[in-house]
Amino acid sequence: MLPKAYEPQEVEKKLVDKWQQAKLFAAHIDPNKKPFVIVIPPPNITGALHMGHALNDTLQDVLIRSHRMFGECAFWVPGTDHGGIATQNVIEKKLAKEEHKSRHDLGREEFVKTVWDWYNDCGNAIFNQFKKMGWSIDLDPKNLRFTMDEDRAQSVYECFRRLWEKKYIYRGKRLINWCVRCSTALSDIEVEHEQHAGKLWYLRYKGEDGSDGIVIATTRPETIYADAAIAVNPKDDRYKDMVGKKVIIPLANRAIPVIADEAVELGFGTGALKITPAHDATDYEVGQRHNLPIMTVINDKGKMMNCPEKYVGMDRELCRKETVKDLESAGLLVKEEKYNNAVSTCYRCHNAIEPFMSEQWFVKMDELAKPAIEAAESGELRFHPQSWKTPFVNWLKNIQDWCISRQIWWGHRIPVWYCRHCSQGGLTFAKDQQGHEQLTKVSFEDGAKPIVSYNKPEKCPVCGGHDLVQDPDVLDTWFSSALWPMSVFGWPKDTPELNYFYPTTTMVTGYEILYLWVARMVMTGLEFKGELPFKDVFLNGIVRDKHGQKMSKSKGNVIDPLDMTAKYGTDAVRFSLLMQAIPGKDIPYSEDSITGARNFCNKIYNASRFILMNMEGIEGPLSMPKDITELADRWILDRYTHAIKTAREGIEKYNLALTANTLYHFLWGDFCDWYVELAKQRFQTADKAKVMALCVNILYGTLKALHPLIPFITEEIAASLRPYVGEKEEFLLNQAYPQFDPALTDKEAVEKMTLLQGVISQIRTIRSQFNVPPALKITAVLSAKTEDELEVLKAYENYITLMAKVGDLRIGVNMEKPKQTATAVYENITIYVPLTGLIDFEKERKRLEKDLGLAKANIASREARLAQENFIKNAPKEQVEKTREELAAAKLALAQVTASLEDLA
């Protein structure tokens, strides 16, 4: 027998240990089974679990558990990511806080050793948090992968070597995204764009001939010292006489030409743009077309250089302020105005990105992208939801070369070496704080000669020298992550695991890393294995707060999943996320979301306990009865088998919200609120054995269908039910998922029960509207229009009297309405409930008139708000939609109250 109350923490601790000890989640090569494989999006070794992990990994867990129950060899491959910039930032902050040191105080080798110590001590600590969430990962330490372990490092090297030999990898000088805080390059898709309230400054560039020249608008006056030209549209008549002439850069007193280029939009701003090739990507392209000189005025630390002496060494932000002051003093600031613009920021530290001319390592992407485009367009690569297919293809068609080098210390070192003798012109060295000489800069333009090798070569292949140094840069974190579906199985080695488990089945990840990660996995899989790494891409939304805002510590709106599991139980947190995981939609999440899911878990537990309490005198196993004649029995079997069918379809179609909601409504509504309530009256009759057999088999089957979603409570209850259903297997995960049985469908039973439920619900609504006490028996008059309806109502009047608490039920065709009667209609049935003696008419009328006034006020306030143009334009979409929903609810309330007042007349 189950204890009186469900204690999730006790059950969860017991089952987590039990599952791991039983090796329940282990996967082994089985030629007789179809593999179903998901590689985990490897979490960074930087810290704690957040709600994004909770959602994404719960979705994966549901798929893995379900497909294991479908009879497949389900393997959820565990591992962690070294995290590159993110991890380095964490360790640097830790060093500064605990030891008051920087990484430079330690030196490169010691700093990297410190990060490895961090990984060895707590790098896999996140998996202990995974255990608490009930995620079915085999956590045997020997099975855990890490993007920096030796096998993955070999994969990274082999990828680099092959791309280098195909001349897809190259080193070149280009305008790249530079983070002055992290002191490293970033690829285009590692740059985020955040709206900032800034200013637009209008500056006058006087003509070289002393004329008024041209006025331009800029958000970055500190970059004027790097200007190479002023551009206008060739069709702009205002400036046709200026093209070819020169103007003077304010404060710099340097002349630059006025050029014509169609990149300048007609009618935008003043129609003239300053072109600063070294500090803007679009300007760089214009500069290339017109062979403009490239001058850098902001260095890699965000400090000013190559500018008037006053500003040299200034921080770029301070220089902006000082430049504006000096422009105003010189009479060259025409005006300034407020301006909201998208500022490019580092995806890790959120500092403003600086476009920067730099020699970096790149991967040519156009040839790699072609097979990926073809796979997506042909439908071989499928997206869930499908709406992501078009942006994916469009991004690949416009793909830029990938900057893969990072100027940090933690990560895979570029597997390139240089002979100091042969490359002396292209290598720059400096001594670190420990006095050790370090290679700090490499320039192929100045003669650096690369030697691609994983380990340090014994000698230079050209001169035979032994003085060899490794490239100082590390590879972008996503370079190793791009190989993850292959590298976890040992690629490039031809391992049995690679042959059986690759390609994987499904990639489950957030849509925000579709380009950062998914696209790159697709390209490398096609390039190196000749096949997609997975056929299905399941993209989940972002977990936001209840107002639709992104969760962040600075906003104070973060919800810690482990805090919530401690408070409500893990199953409640999982289920609250799954109920809202509608494909393609972000999740507005709050603690209130968990309360409903917690109540559902309690409902399952209490219903199960109630059924078990009534099993006295009945011994198992009980098979599903065959001779079913009672309407409620026929109906619940139909609802059960259809719920199982829809639940499985939701899993197979990557719509887990459909699965969760289907099972929720079946178990709470159809089974508990209707069937069990109807069945109670038969518990003391000769029908008891049949009813209890139906109850335990339907409940057990539903628990199996729910198990992938809420594994703890289902496992706990199933253990008590197992003897009654004859199940020998201890764990639900090793049992077969319930099957849809067409023989259990019963259209006639559903139609009859739907009619009865509709009538009962309308009587209940009347009781609620007029505050009739729940235990008070009432009179109800049912007026049918046809003999068929009358026949159903009369045949099952005991259902109506029981479920609607009716003491006197009168049924007929075209019955007359009694006086002072509440009225409701369900399809062709009119329902009358006489109110005399049930309520205080005067008191009820006053209450309803108060409700009437409130409904009218609610309608007026919502209509007024929706009539405001500023509200519709500027308020968050969710708030506008909520107001519309509130208006609709208020109108419905008004109609109901008006009808109730008429009934009292």
Side-chain angles (χ1 to χ4, degrees), residues 4-5 595-596 598-600 602-611 613-614 632 635-636 664-684 691 695 753-782 793 796-811 817-826 829-852 854-855 889 892-893 895-897 899-904:
K4 187 173 182 180
T595 307
R598 189 262 324 264
N599 293 344
F600 176 59
N602 288 340
K603 183 79 171 181
I604 299 170
Y605 189 83
N606 293 333
S608 302
R609 191 168 181 274
F610 175 77
I611 289 168
M613 285 170 63
N614 282 279
W635 169 78
I636 196 62
Y664 173 91
H665 290 295
F666 169 74
L667 195 54
W668 190 311
D670 294 341
F671 185 71
C672 292
D673 287 356
W674 287 97
Y675 182 72
V676 173
E677 290 301 315
L678 283 167
K680 280 180 185 176
Q681 59 189 340
R682 298 157 64 198
F683 282 4
Q684 310 305 323
V691 172
C695 282
M753 270 300 293
T754 301
L755 179 68
L756 295 166
Q757 286 176 301
V759 169
I760 292 164
S761 295
Q762 288 296 336
I763 297 173
R764 287 173 170 177
T765 299
I766 290 172
R767 296 183 70 113
S768 174
Q769 284 176 343
F770 290 98
N771 291 327
V772 177
L776 189 63
K777 296 283 188 178
I778 62 171
T779 297
V781 179
L782 307 182
L793 294 173
Y796 300 102
E797 61 181 277
N798 61 318
Y799 285 22
I800 300 170
T801 56
L802 174 70
M803 300 298 284
K805 291 188 171 59
V806 175
D808 181 10
L809 181 63
R810 304 169 201 169
I811 305 171
K817 178 182 179 181
K819 290 182 179 179
Q820 292 188 315
T821 292
T823 306
V825 176
Y826 181 76
I829 313 294
T830 304
I831 301 141
Y832 303 123
V833 176
L835 298 172
T836 306
L838 294 179
I839 62 169
D840 181 330
F841 278 78
E842 189 56 35
K843 184 179 177 182
E844 193 61 28
R845 192 177 287 109
K846 285 180 180 177
R847 182 186 70 81
L848 289 170
E849 285 171 350
K850 186 178 178 182
D851 290 347
L852 186 74
L854 183 62
L892 178 62
Q896 289 173 338
V897 172
S900 297
L901 280 167
E902 289 172 0
D903 286 333
L904 293 181

Supply the atom-to-atom distance Tyr826 OH to Gln762 CD, rounded to the nearest 0.5 angstrom. 8.5 Å
Got a sec, which residues hit side chain to side chain donor-acceptor pair (under 3.5 Å) with Lys846, two or more places apart in sequence or on another chain? none
Would you give the length of the straight line joining atom CD1 of Ile829 to atom CG of Leu793, rounded to the nearest 0.5 angstrom? 4.5 Å
Run the ring pair (Phe, Tyr, Trp, His ring centres under 6.0 Å) test against Tyr605 and tell me which residues pass, sequence neighbours left out. Tyr6
List the atom of Asn798, the atom of Thr801, and the distance in Å for their closest heavy-atom pair. O-OG1, 3.1 Å
Side chains of Ile778 and Ile763, heavy atoms from C-beta outward: is any pair under 4.5 Å? yes
Residue pair Met803 / Gln757, side-chain heavy-atom distance below 4.5 Å: no
Between Asp808 and Arg810, the two heavy atoms sitting closest are OD2-NH2, 2.8 Å
Once you round to the nearest 0.5 Å, how far does CD1 of Ile636 lie from CG of Leu678? 9.5 Å
Does Ser761 offer a backbone N or O that forms a donor-acceptor pair with the side chain of Thr765 under 3.5 Å? yes
Any heavy-atom pair between the side chains of Val833 and Gln769 that's under 4.5 Å? no
Output, in order, the C-alpha distance, side-chain angles, deciding distance and verdict of side chain to side chain contact (heavy atoms under 4.5 Å, CB included) for Leu776 and Arg767. CA-CA 10 Å; Leu776 189 63; Arg767 296 183 70 113; 4.2 Å; yes
What one should report as the nearest heavy-atom pair of Lys777 and Val806 is CD-C, 4.2 Å
Derivation and outcome, side chain to side chain contact (heavy atoms under 4.5 Å, CB included), residues Asp673 and Trp668: CA-CA 6 Å; Asp673 287 356; Trp668 190 311; 3.2 Å; yes
Output all residues satisfying ring pair (Phe, Tyr, Trp, His ring centres under 6.0 Å) with Tyr799, sequence neighbours left out; order by chain, then residue number. Tyr796
Shortest non-hydrogen contact from Pro774 to Lys805? O-CD, 2.7 Å
Pair Arg845, Leu901 - check side chain to side chain contact (heavy atoms under 4.5 Å, CB included), show working. CA-CA 7 Å; Arg845 192 177 287 109; Leu901 280 167; 3.9 Å; yes
Can you list the residues that meet the side chain to side chain donor-acceptor pair (under 3.5 Å) rule with Arg682, with sequence neighbours excluded? Asp633, Asp687
With heavy-atom distances below 4.5 Å as the criterion, would you say the side chains of Trp674 and Ile760 are in contact? yes
The reported gap from NZ in Lys819 to OG1 in Thr836 (rounded to nearest 0.5 angstrom) is 10.0 Å
Within the structure provided, determine whether Glu797 and Leu782 are in side-chain contact (heavy-atom separation under 4.5 Å). no
Mind checking side-chain contact (heavy atoms from CB on, under 4.5 Å) for Asn771 and listing every partner two or more places apart, or none if nothing turns up? Glu844, Arg847
Measure the CG-OG1 distance between Leu835 and Thr821 for me, rounded to the nearest 0.5 Å. 6.5 Å
With sequence neighbours excluded, what pairs up with Lys680 under the side chain to side chain donor-acceptor pair (under 3.5 Å) test? Glu677
With a 4.5 Å heavy-atom cut-off, do Val676 and Phe671 have their side chains touching? yes
Hey, what's the ring geometry for Tyr664 with Phe600, parallel, tilted or perpendicular (30° and 60° as the breaks)? tilted
Non-hydrogen side-chain atoms of Leu854 and Lys850 separated by less than 4.5 Å: no
Would you give the length of the straight line joining atom CG of Asn606 to atom NZ of Lys4, rounded to the nearest 0.5 angstrom? 10.0 Å
Contact between Phe770 and Leu838 at the side-chain level, heavy atoms closer than 4.5 Å - yes or no? no
